[in-house]
Each structure stands twice: as C-alpha cells, then as structure tokens.
Amino acid sequence: MYNIDIPELEPDRQYYFMNRCKELIYEKQVELNRPLTYCVTTFGCQMNAHDSEKLKGILEAIGYEEVDDESADFVIYNTCTVRENANQKLYGHLGLLKNYKKTKNPNMIIALCGCMMQETHVVETIRTKYPFVNIVFGTHNIYKLAELIYNNLTGEKRVIEILEKSTQTVEALPQKRKYSFKSGVNIMYGCNNFCSYCIVPYVRGREKSRKPEDILTEIRELARRGVKEVMLLGQNVNSYGKIYDYSDGKIVPMPEGDSITFPALLKKVCEIDGIERIRFMTSHPKDLSDELIKVMASEPKICKHLHLPVQSGSTDILAKMNRRYTKEGYLSLVDKIRQAMPDISLTTDIIVGFPGETEEDFLDTLDIVSKVKYDQAFTFIYSKRTGTPAASEVNQVPEDVVKDRFNRLLTLVNTISNERINRYSGQTKDILVEEINHQDSNLLTGRTEENITVHFEGDSSLIGDIIKVKLIECRGFYYIGERI
Ligand code: SAH
Ligand code: SF4
Ligand code: F3S
C-alpha cells in the first residue's frame, strides 16, 4: 500500500527505514532483555570489504551491536564468486548457520549479499534448498539494507531482491570503518573490460564513475575525522572519469564541469590536509597513462606502490584473455614506471592454466616474472566461471599440468619477493601504525608506503600515527623493526 510518510528519494528513504528498524529493534531488545547483535562475514576483494563497512554502518544505525560470532541475531555473508572455491565456501558455511539457528539462537536473521547473489543459479539454489535464509540481495542495492530488514521484520518471511543493474549511486549513508585512521573510498563501480575469464563485469555491472566532488567531499570528511590513509577503489581506476553512467546501455559521459582524469583526481586528493597517504586499486595496464606516472612520481603523498595485474606473460594468452596489451607492451610500461620511480614496489596477479596455455606460454609467464621482479605476486589457478567466454573453450589444461606449473611459478615468485624485500634491510621508513600484534601484544604492527608489514616494540597509543622505524631483520615477508 502506498504510504505517504515514506520518502521516495534516496538517501532520505533509507534514513526513514533506519529509523523504523531502530524502533523495531528496540522493542525486540526490551522483549529479550538483552542487546541485539550482528556479525558480518566478508569474502573477496577490497571492494567487498568496503561494502561490508557500509553494511555495518547501517546495522549499527538501526541498533545492532557488532560481535564476532556467527550465532548473532543478524548474520550476513557478503559473498565473492571470482573463483569456484570462493563460491564453494558459502554452501559449507550455510550448513553451519542452519545449525546455529536451530540450536543456539532461534531469533537469528540470516542474510546473503554480494557478487555471488547476482548469479541466477545461486539465488535459485538458495530459494529452493536453503529456506532458512531470510534476506537475499545483490551488489546493486546494498544501500537498501535497512528497507529490506524492515520488510522482513514486518512480516515478509523471505525478502529476495536482486537488481540487474545499478539505477542510482546513493551517497551519504553511514559507514563503520574497520580502522579509524585509514579507509577505502569507492571512486568507480563495475567494470567494462570483460577479460574473458572474469565474472566481475557480470556481477558488478557496467562501469560507472562517482562525481569528483562527491569523492572529495567524502575524503575531506574522513580527514576531518582523523583518517590519514585512503585507498581509492575501482576495478580499473585508470579509466576513472570516462563514464558517468552506462546503465541503459548507452554511455553517458561525466557532466560538463565534472569531467576529470584519474591522475587529476589524485592531485586533488593530495591537496586535502590531513590525508598523508594515498593508495589505489586496481590499475589495468592498458589504461595506465604517462600523466599518472608523472603525478605518482611528483606527489609524495601517493604511496610508491603499484598493483599492476599482468595475468600472463604470453602475448597469445593475453589476447585470448582480452587484456589488450602484449608481453612487450607490459614490459615497456614497467620500464617507464621504473625510470620515473626507481624504488617503486610492484605487485601483480597471475593466472595459471588459462584454456589453451601451452608450456611455451607458461615459460613466457616465468620470463616476465623474472624480468619485472615483482615485490609480491598473487597467483591463481584458472577457475572456470559459467557465463564467461573462456568457460566455453574446449582446450582446458589438465589439472596435473596446471598444478605443476602453479608450483613452479610459486617457487619463482617467492624467491624474487624474498630478494626484493631484503633491499629495505637497515633502512629507516615511515610506518603507519595499525594495530597491536596478534601473536605478541608487546609488539605493534604497521606498514611502509610500499605496503611492507613491520613489527616493532611500542605501546598502543601510537596506533594511527606515522612514525619512523628502522627495519632491522627481514623474516620472509615481513620485518622486525625498531622505533627511532
Ligand atoms: N579488476 C582487477 C581484478 C579483479 S579480480 C584487475 O583487472 O586487475 C582479482 C584477480 O582475480 C584478477 O586479477 C585475476 O588474477 C583473478 N581472477 C579473476 N578471474 C579469475 C578466474 N576465473 N580464475 C582465476 N583467477 C581469476
Ligand atoms: Fe575482471 Fe578484467 Fe574487469 Fe579486472 S579488468 S574486473 S580482471 S574483467
Ligand atoms: Fe569477488 Fe566480487 Fe570482488 S566477485 S573479487 S568480491 S568484485
């Protein structure tokens, strides 16, 4: 029924539902005579981690308290589907939740969201085989969490709402950040690259940049609250600013006056007082401009760390992957970057066993790794994703061959990372202190601008500060340091 009280426009509509949920949660707390709790479990990438901060912001605004316990009153999984194993994990966990709901907490509301929910077959499975799941939504309507909870609390037993595309970007909703001193900031959503192995464009939708002023306003506000480090997030930040909207299948450019490139946006972020470190993720090599290299080299606030996924070293495989660069093109890009910033830390993602990958193709991957000498490389076994072009390739590489290649690659990657990290031995570095060490509470843990983890003695009052630490002893992938 049409209700005149409910605002039609966002974010007002969601604030209305947050208030209504708050009343209902309060009533429930009185009835049970205890606080109501929530637990968010996140799978997948930085984008999902940041989405979870938005979910938490809404859950706290409506009166739930966070706990690290999957028998909480509101349990939500923010899912990932980039590889099959990410996908499998969910069903295992769901069995556990069913049991908790039965034995530990009959009040539990179970919700699922994120990339996996954008797949029709998954939602169908949840619908038919997992009747105890109460709320299901996807990547395009995270902002509606309060409204969906409200519908559930007021009688709708199962609320399932999956949108095919993002119709709007809702700004100014609450967020609960994991750290008070660093934060992710979305600068764009979705992806238009359609790498042939990748499911992300299908589950995250078309590329869409946020307006620069909205981004800058958010970062200024973060700085005002004490945030020192921001991570600008997008599947392909180098194409930031090109597309404002694509949801109706035709490209709408950024409105006049708002049009800006990614390096120009970075420069504006550098101007914000209080922000001392700027990171970004991810850069697609095909769109990395000379202007970006120049801005990175000249702005001290931009961390000298670049994640530049190569995926494969074989030009043939890269073409089949639809990456739109060659082995030589990638290598000359790396040269250009290293000429401008000799000390930069380079990291990458590599896929082994893409359909049709020959031993020769794989040797090209080993070769590019040896030539670039990555500080760190994340290696993945190719995983067939239904609906992507590569999934229908007949020429899948046998499992034992892939495993053997994967192990050879891992050995090389680790040897090089070890060599690379040792180059910092004895240097004094600025460290952003992040937390008390999980194993030894006398130690603090922080990171250099190159993203190297350093543990050193100190007390918790330093958390959130940037301080000088000498890197004394390299232990594999991290350092033991000493405060100067
Ligand atoms: N937008 C980012 C990557 C996002 S997905 C980029 O283009 O760099 C993160 C990583 O997962 C990718 O870089 C790729 O290495 C890996 N990946 C994506 N799809 C995969 C698949 N089907 N099988 C194995 N690894 C995959
Ligand atoms: Fe996937 Fe390619 Fe888009 Fe990255 S750029 S999200 S790998 S399609
Ligand atoms: Fe996974 Fe979605 Fe990120 S599929 S890697 S959580 S964009």
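Ligands are counted one by one from 1 in listed order, and the atoms in each one are counted from 1 as well. In this text, all values refer to a predicted model and were calculated from it rather than measured experimentally.
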*Asks:* Ring pair (Phe, Tyr, Trp, His ring centres under 6.0 Å), that's the test. Do F406 and F380 meet it? Break it down for me.
*Replies:* CA-CA 8 Å; F406 184 79; F380 306 107; 8.6 Å; no
*Asks:* In this structure, are over 12 heavy atoms from other groups packed under 6.0 Å from K176 atom NZ?
*Replies:* yes
*Asks:* Taking CG in D400 as the centre, count heavy atoms belonging to other residues, nucleotides or ligands within less than 6.0 Å. Is the count above 12?
*Replies:* yes
*Asks:* Between the side chains of R277 and E449, is the shortest nitrogen-to-carboxylate-oxygen separation below 4.0 Å, so that they form an ion pair?
*Replies:* no
*Asks:* For R204, which part has a heavy atom under 4.0 Å from ligand 2: side chain, backbone, both, or neither?
*Replies:* neither
*Asks:* Check step by step if side-chain hydrogen bond (donor to acceptor under 3.5 Å, both in side chains) holds for N78 and D51.
*Replies:* CA-CA 8 Å; N78 190 4; D51 281 348; 4.9 Å; no
*Asks:* Give me the number of protein N, O or S atoms whose distance to atom 1 (Fe) of ligand 3 is under 2.8 Å.
*Replies:* 1
*Asks:* List in chain and number order the residues that pass side chain to side chain contact (heavy atoms under 4.5 Å, CB included) with N407, two or more places apart in sequence or in another chain; answer none if no residue qualifies.
*Replies:* none
*Asks:* For atom 1 (Fe) of ligand 2, which protein N/O/S atoms fall under 2.8 Å? Skip waters.
*Replies:* C198 SG
*Asks:* Roughly how far, to the nearest 0.5 Å, is the SG atom of C270 from the CD1 atom of I278?
*Replies:* 3.5 Å
*Asks:* Check each heavy atom of R204 against ligand 3 and say whether those closer than 4.0 Å belong to the side chain, the backbone, both or neither.
*Replies:* side chain
*Asks:* Within a reach of under 6.0 Å around NE2 of H121, are more than 12 heavy atoms found that belong to other residues, nucleotides or ligands?
*Replies:* yes
*Asks:* Side chains of K371 and V334, heavy atoms from C-beta outward: is any pair under 4.5 Å?
*Replies:* no
*Asks:* Quick check on contacts: which atoms of ligand 2 are under 4.0 angstrom from a heavy atom of R323?
*Replies:* 2 (Fe), 7 (S)
*Asks:* Where do D364 and G313 come nearest, in terms of heavy atoms and distance?
*Replies:* CB-O, 3.4 Å
*Asks:* Counting only heavy atoms not in E360, do more than 12 sit closer than 6.0 Å to its CD atom?
*Replies:* no
*Asks:* List, ordered by chain and residue number, the protein residues whose closest non-hydrogen atom lies under 4.0 Å from any atom of ligand 1.
*Replies:* V82, R83, Y197, Q235, T282, P309, Q311, R323, D349, I351, F380, I381, Y382, S383, R385
*Asks:* Any Lys/Arg nitrogen of K182 or E53 sitting under 4.0 Å from an Asp/Glu carboxylate oxygen of the other?
*Replies:* no
*Asks:* More than 12 heavy atoms of other residues, nucleotides or ligands under 6.0 Å from NZ of K301: is that the case?
*Replies:* yes
*Asks:* Can a donor-acceptor pair be found, under 3.5 Å and without considering hydrogens, that links the side chain of R423 to the backbone of D343?
*Replies:* yes
*Asks:* What atoms of ligand 2 come within less than 4.0 Å of a heavy atom belonging to H284?
*Replies:* 5 (S)
*Asks:* For R210, does its backbone N or O pair with a side-chain atom of Y240 as donor and acceptor, under 3.5 Å?
*Replies:* yes
*Asks:* Just which atoms of ligand 3 are under 4.0 Å from any heavy atom in Q235?
*Replies:* 7 (S)
